[in-house]
Colleague: 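The structure under discussion is supplied below as structure tokens; questions concerning it will follow.
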Amino acid sequence: MTTEERITSSETRIFKAVFPNTTNHYDTLFGGTAMQLMDEVAFITATRFARKRVVTVSSDKIDFKKPIPAGTIIELIGKVVNVGKTSMKVNVEIYTEQMYSYERERAIVGDFTFVAIDELKKPIQIL
């Protein structure tokens, strides 16, 4: 399988409903909760691409473009955007959807860098 085919096949999409127990006093999704969900989707994407143990080494410029209100559906999309010798960068976007309309908009975007590791937690080649 080529690198491009691996990138395409590792794209990860997860849907969640935003319930009140995940929102702040403004009735919008906590930023930390959004970042946790993004890191989880990025981890799954990186693992599906590398098929090795991976760990998050950094998150980069997470832009909160729109608040995410309770009572919406969110879609998290993870895509590998760059591959190095032992690391890869995964872009994650969160889209909001109104439950009872076809309205959809991008709310948050950010990048996460992962390193592939062996059993001794030493970096190893991805490809």
Side-chain angles (χ1 to χ4, degrees):
M1 186 179 292
T2 68
T3 301
E4 286 305 314
E5 289 170 331
R6 285 172 66 180
I7 287 171
T8 300
S9 68
S10 66
E11 182 176 305
T12 302
R13 294 171 178 265
I14 294 177
F15 290 86
K16 298 263 188 191
V18 179
F19 293 112
N21 66 327
T22 61
T23 62
N24 57 29
H25 59 289
Y26 298 116
D27 208 27
T28 59
L29 186 67
F30 278 113
T33 301
M35 291 170 63
Q36 177 187 0
L37 292 169
M38 292 173 80
D39 188 37
E40 182 179 340
V41 168
F43 168 80
I44 293 167
T45 305
T47 301
R48 292 178 72 209
F49 176 83
R51 297 297 175 176
K52 300 180 187 308
R53 290 182 181 102
V54 297
V55 292
T56 308
V57 293
S58 71
S59 58
D60 202 27
K61 195 169 183 340
I62 297 174
D63 288 329
F64 294 83
K65 298 180 177 296
K66 302 273 182 182
I68 299 175
T72 57
I73 297 167
I74 58 173
E75 179 182 18
L76 297 101
I77 304 170
K79 296 178 187 175
V80 174
V81 293
N82 190 21
V83 181
K85 184 177 176 184
T86 61
S87 67
M88 70 199 95
K89 185 177 280 192
V90 178
N91 176 265
V92 178
E93 297 176 306
I94 299 181
Y95 288 86
T96 62
E97 293 182 11
Q98 298 303 313
M99 285 197 187
Y100 308 111
S101 76
Y102 293 101
E103 222 178 293
R104 176 181 164 91
E105 62 184 337
R106 189 169 75 164
I108 304 173
V109 62
D111 292 315
F112 295 78
T113 302
F114 288 82
V115 169
I117 58 170
D118 64 16
E119 310 80 37
L120 302 173
K121 300 181 181 152
K122 302 289 184 206
I124 56 173
Q125 276 192 274
I126 293 173
L127 300 174

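Keep in mind the model is a prediction, meaning the values are calculated, not measured. Quick note: residue numbers are just sequence positions, from 1.
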Colleague: Honestly curious: do V109 and L76 fall in one hydrophobic cluster under the side-chain, below-4.5 Å linking rule?
Modeller: no
Colleague: Could I get the full list of salt bridge (Lys or Arg N to Asp or Glu O under 4.0 Å) partners for E105, not counting sequence neighbours?
Modeller: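 Counting only residues at least two positions away or on another chain, E105 forms a salt bridge (Lys or Arg N to Asp or Glu O under 4.0 Å) with K66.
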Colleague: Considering only Ile, Leu, Val, Met, Phe, Trp and Tyr, and joining two whenever side-chain heavy atoms are under 4.5 Å apart, list the other residues clustered with V115.
Modeller: V55, V57, I117
Colleague: What pairs meet the salt bridge (charged side-chain N to carboxylate O under 4.0 Å, His left out) rule with one or both residues in residues 39-57, with sequence neighbours excluded?
Modeller: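 Qualifying pairs: R53-E119.
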Colleague: Would you mind listing every side chain to side chain donor-acceptor pair (under 3.5 Å) that reaches into residues 26-38, with sequence neighbours excluded?
Modeller: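 Found N24-T28.
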Colleague: With sequence neighbours excluded, what pairs up with T47 under the side chain to side chain contact (heavy atoms under 4.5 Å, CB included) test?
Modeller: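 Partners of T47 by the side chain to side chain contact (heavy atoms under 4.5 Å, CB included) criterion, ordered by chain and then number, come out as F43, V54.
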Colleague: Could you identify which residues cluster with M99, counting Ile, Leu, Val, Met, Phe, Trp and Tyr as linked when any side-chain heavy atoms lie under 4.5 Å apart, either directly or through a chain of such contacts?
Modeller: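 For the cluster that includes M99, the remaining residues are F15, I73, Y100.
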Colleague: Name all residues meeting the side chain to side chain contact (heavy atoms under 4.5 Å, CB included) criterion together with S9; count only those two or more places apart in sequence or in a different chain, and write none if there are none.
Modeller: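 Side chain to side chain contact (heavy atoms under 4.5 Å, CB included) list for S9, sorted by chain: M1.
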Colleague: In the hydrophobic clustering that connects Ile, Leu, Val, Met, Phe, Trp and Tyr at side-chain heavy-atom distances below 4.5 Å, which members other than I77 occupy its cluster, ordered by chain and number?
Modeller: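 Answer for I77: Y95.
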Colleague: Mind checking what makes side chain to side chain donor-acceptor pair (under 3.5 Å) contact with D63, not counting sequence neighbours?
Modeller: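 Listed in chain order: K61.
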Colleague: Any side-chain heavy atom of M35 sitting closer than 4.5 Å to one from F112?
Modeller: no
Colleague: Can you list everything that forms a side chain to side chain donor-acceptor pair (under 3.5 Å) with K121? Sequence neighbours excluded, please.
Modeller: none
Colleague: Return each pair, listed once, that meets salt bridge (charged side-chain N to carboxylate O under 4.0 Å, His left out) where at least one residue sits in residues 76-91; pairs must be two or more places apart or across chains.
Modeller: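 Listed by first then second residue: D60-K89.
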Colleague: What distance separates I68 CD1 from I108 CD1, expressed to the nearest 0.5 Å?
Modeller: 3.5 Å
Colleague: May I have all residue pairs that pass salt bridge (charged side-chain N to carboxylate O under 4.0 Å, His left out) and include part of residues 94-104, sequence neighbours excluded?
Modeller: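 Those involving residues 94-104 are E75-R104, E97-R104.
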